[in-house]
There are 2 protein chains.
Amino acid sequence: MELEQYQHFLVLAQTLHYGQAAQNLGVSASALTRSIQKIESTLGHALFIRDKRSVRLSQAGHVFRAHALEASKGWAELKDHLAQENDSPTGDLKIFCSVTACYSVLPDLLAPFRRAYPGVQIHLQTGDAADAMSKVLDGVADLTITAVPDQLPSRCVFNSILKTPRVFIHSANDPDAALYREGQALDWSKIPMVLPERGLARERIDECFAALGIRPKIYAEVSGHEAILAMVNLGFGVGVVPALVLEKSPYHNTLSILPSPKFSKPLAPYDVGLCMLKRDMSRSPLKQFWDLVLTLGR
Amino acid sequence: MELEQYQHFLVLAQTLHYGQAAQNLGVSASALTRSIQKIESTLGHALFIRDKRSVRLSQAGHVFRAHALEASKGWAELKDHLAQENDSPTGDLKIFCSVTACYSVLPDLLAPFRRAYPGVQIHLQTGDAADAMSKVLDGVADLTITAVPDQLPSRCVFNSILKTPRVFIHSANDPDAALYREGQALDWSKIPMVLPERGLARERIDECFAALGIRPKIYAEVSGHEAILAMVNLGFGVGVVPALVLEKSPYHNTLSILPSPKFSKPLAPYDVGLCMLKRDMSRSPLKQFWDLVLTLGR
DNA sequence: ATACTGTATTGCGATTATTGCAATACGGTT
DNA sequence: AACCGTATTGCAATAATCGCAATACAGTAT
């Protein structure tokens, strides 16, 4: 008997409505049906009386409800008890992190986590954000802090931590710097740009320009926000990076922000968050990390 | 958290030995290892301290043990409570049964079951014993009462109910009846025989004769014990059937038992028992039936 | 009467998890 | 140093689970 099924039962016992209970639980109605059927089958008693129009607890259902409540309470008490033990939870935590996230959001998460769970061994690996998802899917990393992917694999869950606008930047070293500073309307099809080589960021930028019928003039394609900053700083062109990346970089007072082109469809902000496997939501110390991030977010 | 895993934990907590505990539980050591790992992972605490030479409970392990015992007790109480409810367990029970078993052992099982669990709707189907296993595997039947198969599918469990010797029989109508009655050594290679067309019984008989270097003279190949009885009763030859089948048949006083040939490797008794899917061992009302048979067997 | 709506259940294909076997890692022992 | 005993892990096979779409079925509206 799964503890999760107890929860299914308890919610259904309250709502007395499969569709609604399923929605509350975040599962499909068929999954809920089968959870209940499975309990009934192991118990040998019908827990609910369904007469096609209404659902209500049977006698055995009431008995089981008392048990399920008791069991849930026992489980909660256990966790309390363990939390108050002097020894903190143990385990390994393999984090994969883009450099961007490593500079920007990671410190704010890792410090309190370390304080709360000193027994957890943390392995931190940085790398290209494009690899983040596959690292998690392959089990090389337990969780990753990175931009929200174009489409989340079904096995993963994502929790946004912060959003920061994307800004267009240029350097005083740029031959055209004077032009940019005048604040006039710019012809974006003629401005040399430093853009990401691939990945979600590049796609979004291309889409936004395309919506205006503009084919940007690409001076360089590079990999990684930090590389963009470096190139732009050398005066090679105009780049696009998340504002936060600029702020945390050593170039933040040598580079200037340009007003964004008048996109019909605005460039979505850079959304960075936590991503891990659904499966691990119930596992330690991943659950602890996830929960901590939630509390910090509020 | 599975209730089954609680059991795994509790047994390991007692034996403090993976191999031994695994054997007690009837699972492989690796499965046990993973059960424990999973609990530890969801709790975030090591339950056992392993130092390659010994296994002992950790502090968190002791805490969890108290919880697990409590939870087990609660579960047992629940089942007690439900058992004492006035409404008996409900459900369907689809039984597939060879005719032989239907006459011989089924009544002794079904009567007490019906008395104990009147709420269970019983569906009984008889048919060729050779089909029994596939009926269960295909989900057409929940359980079957039949001879132990040559090799049990891995998804199934089997529980022997009774064994009865196989006997060689002949009829007074047989032209050679006088010969048989004299009690002299018989030349089995010359005696016409009525044997099962296929299946385990036939294979065993062939093996036993083959071990003596004898190729029996087959007069007829038929399907089903009852058919053998009928053919033998008409005087067509000598047949082999489980003793119990003979006793329960209408021919039991018109047919006579011959001394068995002196097989070097004796003909194994007919072993009839209960077979169902492992999966269903925890489901109702199959578990009830299984348990009832166990108690009757003792 | 017939079509329609809301609700629980079931069939099915695809995805995940679990198992057991064999291989491995790692102390202690001969 | 080779060998045991024991827990763990890699891997391939097996089984369970999920969500979607189809179905069943009672009440309601047209």
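Chain letters run A, B, ... following the sequence lines, proteins first, then strands; residues in each count from 1.
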Judged by atom type as modelled, is there a donor-acceptor pair below 3.5 Å linking the side chain of Asp271(B) to the main-chain atoms of Lys163(B)?
no

Hey, which of these two, Arg283(B) or Arg34(B), hits DNA chain D nearer its 5' end, going by closest nucleotide?
Arg34(B)

Between OG1 on residue Thr100(B) and CG on residue Leu106(B), distance to nearest 0.5 Å
12.0 Å

Please tell me which of the listed nucleotides, dG20(C), dT9(C), dA7(D), lies nearest to the side chain of Ala31(B)?
dG20(C)

Length of the line joining Leu12(B):CG and dT8(D):P, which is rounded to integer Å
9 Å

Nearest to the side chain of Gln37(B), which nucleotide is it out of dT8(D), dT9(C), dT18(C)?
dT8(D)

Euclidean distance, atom CG of residue Leu277(A) to atom C1' of dA17(C) [Å, nearest integer]:
13 Å

Has Gln14(A) got more than 12 heavy atoms of other residues, nucleotides or ligands less than 6.0 Å from its CD?
no

So, is Lys38(A) close to the dT17(D) phosphate, meaning a side-chain N or O under 4.0 Å from OP1 or OP2?
yes

In whole angstroms, the gap separating C1' of dT18(C) from CD of Glu4(B) amounts to 11 Å

Using modelled atom types only, decide if a donor and an acceptor are shared between the side chain of Arg202(B) and the backbone of Pro196(B) within a distance under 3.5 Å.
yes

In this structure, how many angstroms lie between the P atom of dT17(D) and the CZ atom of Arg279(A), rounded?
17 Å

Among dA15(D), dG20(C), dT6(D), which nucleotide has an atom closest to any side-chain atom of Ser154(B)?
dA15(D)

Measure CZ/Arg50(A) against C1'/dA8(C) and give the value in whole Å, please.
9 Å

For atom OH of Tyr18(A) and atom C1' of dT10(C), their distance in whole Å
13 Å

Would you tell me if any nitrogen or oxygen in the side chain of Thr33(A) comes within less than 4.0 Å of OP1 or OP2 on dT9(C)?
yes

Between dC20(D) (C1') and Leu32(A) (CG): distance, integer Å
16 Å

Determine whether a donor-acceptor pair (one donor, one acceptor, N or O, separation below 3.5 Å) exists between the side chain of Ser28(A) and the base of dC20(D).
no

Atom-pair distance (NZ on Lys278(B); P on dT18(C)), nearest Å:
16 Å

Would you indicate whether Glu207(B), at its atom CD, is surrounded by more than 12 heavy atoms from other residues, nucleotides or ligands within a distance under 6.0 Å?
yes

